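Data block below; observations after.
When a ligand or atom number is given, it counts from 1 through the structure's own listing order. What you see is a predicted model, and the numbers here were worked out from it, not measured in a lab.
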Amino acid sequence: MRIALGVTGGVAAYKAAELVRLLQDRGLDVQVIMTRNACQFVRPLTFAALSGHRVITEMFGEEGREANVESAIEHIAVAESLDALLVAPATADVVAKIAHGLADDFLTTLVLATRAPLIVAPAMNVNMWESAATRHNIAVLRERGVRVVEPEAGPLACGMTGPGRLASLEAITAAVLAALGIAGDLKGETILVTAGRTEEPLDAVRYLANRSSGKMGYAVAEAGRRRGARVILVSGPTHLEAPAGVQIERVRTAEEMAEAVLRHAGEASVVVMAAAVADFRPAEVDSGKIKRGNGPPILRLEPTRDILAEISPRRRPGQLIVGFAAETDHVVENAAAKLRQKNLDLVVANDVTQAGAGFDVDTNIVTLVFPDGTVKPLAKMSKLEVAARILDEVAAIRARTAPREVAG
Ligand code: CTP
């Protein structure tokens with residue numbers, strides 16, 4: 001995987017050299033980009049030697065040389081090739097520029113041009129960190145889905161003491177690995193994921209279904225596997241390919257899905273119910289094809305099994321259950337009600353009426369709702385990134401609670 005490390009002009013810039021090493025140790029290819037001010041603190045040659053790549057310092061090729069077409073569009077090529085973009089250390093100035101969408105050098109242009117996840121590790125004087133402007137800018141970054149690795153408190157280069165020191169290089173590396181979904185922090189977990197829709201037959205050729213494509217559940221399965229978990233994916237009908245390394249069981253109806261989930265629930269330490277299960281099915285199924293000539297039939301429906309409601313009372317000690325809530329109104333209230341009724345550890349709520357959320361798109365806009373009443377709205381992001389955030393929460397809950405008691 002390829003990441004870009006943007007180094008900006010702060011005293012902590014020298015620490016970025018060690019960061020290159022740590023990231024490489026995790027198998028990442030690192031392209032370093034330095035702002036002009038960063039070059040005042042550390043020479044680009046240091047980073048070039050460590051990373052094995054030319055360090056990008058200028059928007060239009062090297063200083064003193066005439067710009068050419070390649071250098072003028074290089075930021076687009078780099079932007080497209082990245083799996084993640086890290087800015088460390090990030091000065092108050094670069095944080096402000098990112099928050100406002102300014103693009104006056106290579107790094108800030110790259111931030112706008114890339115769709116890869118962005119991780120920002122600020123380092124600055126304590127008063128600058130606590131200033132109203134920086135507080136606001138950091139909040140804006142977070143709202144947009146940027147991962148901010150908070151600075152630590154301690155003695156600062158300016159002689160003052162307080163928060164502002166660059167976070168530990170281990171914490172920054174962990175944030176990058178989490179953004180890439182390769183943290184390995186779910187090793188030993190068995191995650192049971194449901195995905196896609198169910199189809200409830202009406203006759204030999206027709207069925208009732210909903211619009212779910214399965215993309216969200218498949219993203220959770222993929223993200224779980226990348227983080228070291230064993231993953232069992234119970235999938236309704238979909239055109240998606242099974243993620244490599246995931247045990248898949250394909251089902252069609254709610255009844256088949258319920259049966260598969262209950263069969264595997266005993267092995268699972270984490271259950272993520274992303275499937276859009278049909279709530280009703282035709283009460284009578286015609287084994288042939290219902291003919292037009294007989295006039296429009298009146299359909300009588302009956303409820304399907306509520307799989308989530310069945311597994312939650314049987315949960316094993318330490319088993320975490322994550323539900324989804326597809327809503328069209330009162331999203332958080334409805335999701336919180338589902339969380340309470342079904343005794344869940346987390347509900348991922350999405351307003352399926354919003355553009356860029358819900359069915360058959362690659363992005364989602366969700367709000368995470370927790371049993372203690374905490375509500376975390378996430379920005380619009382790719383379903384793989386949403387999956388990473390859900391699993392971040394699973395890992396955090398696991399870290400807070402007793403060690404796993406469910407056998408893998
Ligand atoms: N779910 C389930 N079995 C069902 C229906 C839903 O396991 N028969 C799960 C879904 O996978 C999801 C959660 O329950 O994790 C909530 O699904 P949703 O359709 O949002 O809610 P419902 O419980 O069906 O309630 P309502 O239709 O009233 O919103």
Does any N or O atom in Phe324 lie less than 3.5 angstrom from one in ligand 1, N or O only?
-> yes
Does a side-chain N-to-carboxylate-O contact under 4.0 Å join Glu150 and Arg142?
-> yes
Sub-4.0 Å heavy-atom approach of Met257 to ligand 1 = no
Mind checking whether Ile307 has an N or O less than 3.5 Å away from an N or O of ligand 1?
-> yes
By number and element, which atoms of ligand 1 are closer than 4.0 Å to a non-hydrogen atom of Met273?
-> 7 (O), 11 (O), 12 (C), 15 (O)
To which protein heavy atom is atom 23 (O) of ligand 1 closest, and what is the distance rounded to 0.1 Å?
-> Lys342 NZ, 2.9 Å
Answer yes when Glu222 and Arg225 have at least one side-chain N-carboxylate O distance shorter than 4.0 Å, and no when they do not.
-> yes
Donor-acceptor side-chain pairing of Asp105 and Thr108 below 3.5 angstrom = yes
Mark the output for Thr304 as yes if a heavy-atom distance to ligand 1 is under 4.0 Å, and as no if none is.
-> yes
Counting only heavy atoms, which portion of Asp279 has something under 4.0 Å from ligand 1: side chain, backbone, both, or neither?
-> side chain
Would you call Asp93 and Lys97 a salt bridge, using N to O less than 4.0 angstrom?
-> yes
Sole residue of Ile390, Leu320, Val369, Leu339 in side chain to side chain contact (heavy atoms under 4.5 Å, CB included) with Leu346 | Ile390
Salt bridge flag under 4.0 Å for residues Arg36 and Glu58 | yes
Is a salt bridge present between Arg389 and Glu393, judged by a nitrogen-to-oxygen distance below 4.0 Å?
-> no
Measure the distances from the heavy atoms of Ala254 to every atom of ligand 1 and state whether one is below 4.0 angstrom.
-> no
Numbered atoms of ligand 1 (with element) below 4.0 Å of Arg305, judged on heavy atoms = 3 (N), 4 (C), 8 (N)
Taking 4.0 angstrom as the limit, do Arg147 and Asp392 come out as a salt bridge?
-> yes
Within a distance of under 4.0 Å, is there any protein heavy atom near atom 28 (O) of ligand 1?
-> no
Starting from atom 6 (C) of ligand 1, which protein heavy atom do you reach first, and at what distance in Å?
-> Val277 CB, 4.1 Å
Heavy-atom nearest option to atom 10 (C) of ligand 1, drawn from Gly323, Ala274, Ala275 = Ala275
Do Asp372 and Thr374 have side-chain atoms, one donor and one acceptor, less than 3.5 Å apart?
-> yes
Of the protein's non-hydrogen atoms, which lies at the shortest distance from atom 21 (O) of ligand 1, and what is that distance?
-> Lys338 NZ, 2.9 Å
Ligand 1 atoms nearer than 4.0 angstrom to some heavy atom of Ala325 are 20 (O)
